[in-house]
Amino acid sequence: MSFTGVSLLDLARPRDGYRTTAAVATTYSADLVACLALLVALDGGGGDQLKYGKIESLRALERLRHKVRIISQQGRIAWSKRADGRILGLFDSILRAVPFNGNHQSFHPKLLLARHSKAFSQDRYVLAVGSRNLTMSTDWDFGIGLVGYASGKGSFKTNQLKGIASFLDDLADLIEEPGLPRPFQGVDEVYWQLPEGVDQARFYFHSGKSRGIHDTELTSMPSRGKALLVSPFLDVSMVQHAAAHFKKADSITLVSGKADLDKIANSKAGRLLGDFEGSIKAYSMFPASDDAPPAVNDDEDPELPIGNRDLHAKIFCIADQNGATSIIGSANLTSRAWLGKNWETYVVLRSSTELADEVWNWVKTRAAPYRPAEPGPAVDSDPIDILRNQLAETDMVLVDYSERPSKLRSETLGSLLALSGCTLNITRLTTPDSWVTWDASSTEIELPSCRPDERTRLLRLRAKAGKTERSWVQMVRVEPAIGPDRDQQAFVRILGIDDFLRYIQSLVNDFAFSTDDTKTPGIPKGRDPIKKGIDLFHLEDLLRKLNRDGGSLQELDETVERYGKLFEQSAVKAEDRERLQCFTSLWVAISAGMHMP
């Protein structure tokens, strides 16, 4: 994951002494492992790869579940078969799914905004805007990462970005969480440090309100110079609008997916792709899907050969000898993105011509001149994708009962299923082997009962049409509502005594340990730095931690009090219970001493 060469995870990670106090991430598609890796980075852990460990994952969830929101399009959430569903199932407290029917409207913005705080220091803000989804994709993306402070002092060139606060307000209304913007009050007054070569940056968003072409930022760009339009997906109307706006440009270069270029070539706009003076010079690349890519089988990031990476970037640039103006963000060159009901985010940059030249050089090395294909047979519609989009706006309620099967209810799912000709199987993310088939003639099905710690709003759906099969994660309403006791019980069951004691040490040392029996990906095996949880930490380590972060003692106190009792009440071996009681008694004495004046 990178924006202009900067790791998104590294950008999200607080610097020494800082802690994340609020964060919002928006994405069209989301891979839960990538989302969890982002959460771990926001907690100060992890590396640049999409990996996480059991202890640092639960630590991040504990610290940030009330401070972070990740917002995605409903029906475009994926999971990794290598991941621990018990941990991913807890992500329903952080994830929000927007119920747009993707056949007509998409929640498509790609943005990360985080606020980092440190005692006696001004807050540090980070912002990333681009085309990258929160997935494991290695496709080509463009974006920009910025760091900002309330004060504009320093050696960096800075400017404020008006409009972020309005975007958060609209987002809060969309997901019905009015408190979402509160931690970011004053964000429009933040001074953002501009990258070298960038003279000005402005932030814009489109929140699903229809508008005319002359109300868009595209038609506010200069019209003379050398124009470059990069978008994996196109439609006829927006290509015509772009050609009209840049008709006085020295040249217009269009880079897109070959299938969409073929559609343009075979339409009334096809004459624009000719070789005569003033026409659009078209280049093609393989367009990347906006869905999360399928999970890989190893524990590394899916590194593809550079030549095999597909196009997912969106950038619109016009340059002359005086500089360049560029739009970088989530919007394709389509009417839904610019004029219709989609949600999108982007930045407009005024920069040196040299930065624009880098993008042109990238196009020359990655794209091939477009050659029209002979018209072929019409492509059949995709019944699974149509159903998936319809289910995104379908109300589904999971009613859990104590010690008897749960009921999953929907008034409209059965009829949609019958019309689609698909079959549909459903299970909880936390109980992956308990699939149940939805009867198209029914308005409800029974799901097997589960333990209280396995309750979740995240269900796995598997649709099949002929030989084609696809799976995704759907968020549903759950009754009765899931409370904090679910998270606490899951914490106890997932960790056990030994890993709980390791968890305590991770709160002191800011790193986590792992065990050989974990099912989470990316964890080195064979290392057990704590022998049965006895040597937890040295007193000087604790004092050093408290000196850096005065809130650590309270966090340790609350963790020991909250979970110590739950572990004592759980079914554990006598020797484990004795070890826990020994630690708890010791901690009470240490804490009392620390609290002394």
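As a basis for the values below, the full set of heavy atoms in this structure was taken, side chains included, without hydrogen atoms, waters or symmetry mates. Sequence positions, counted from 1, serve as the residue numbers for this chain.
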ask   = Going by distance alone, is a donor N or O of one side chain under 3.5 Å from an acceptor N or O of the other, for Asp235 and Ser237?
value = no
Margin query: I'd like to know if the side chain of Arg388 pairs up with that of Asn103 as donor and acceptor (distance under 3.5 Å, no hydrogens or angles considered).
Written below: no
**Prompt:** Quick check, are the ring centers of Trp362 and Phe142 under 6.0 angstrom apart?
**Reply:** yes
Between Leu39 and Leu64 the two heavy atoms that sit nearest each other are O-CD1, 3.6 Å
Closest non-hydrogen contact found for Gln74 with Ala392 is CG-O, 3.3 Å
Give a yes-or-no answer on whether the side chains of Arg428 and Ser406 include a donor-acceptor pair shorter than 3.5 Å. yes
Notebook entry, point to check: Would you call the rings of Phe203 and Phe167 parallel, tilted or perpendicular, where under 30° means parallel and over 60° means perpendicular?
Noted result: perpendicular
- Look at the aromatic rings of Trp338 and Tyr346 and report parallel, tilted or perpendicular, splitting at 30° and 60°. tilted
Taken in chain and number order and not counting sequence neighbours, the residues that satisfy side chain to side chain donor-acceptor pair (under 3.5 Å) with Arg455 are Asp400
Side chain to side chain donor-acceptor pair (under 3.5 Å) pairs touching residues 459-470, sequence neighbours excluded, are Asp382-Arg470
### Message
Side chains of Asp139 and Ser137 only: does a donor on one sit below 3.5 Å from an acceptor on the other?
### Response
yes
Residues Phe107 and Ser72: closest non-hydrogen pair is CD2-C, 4.0 Å
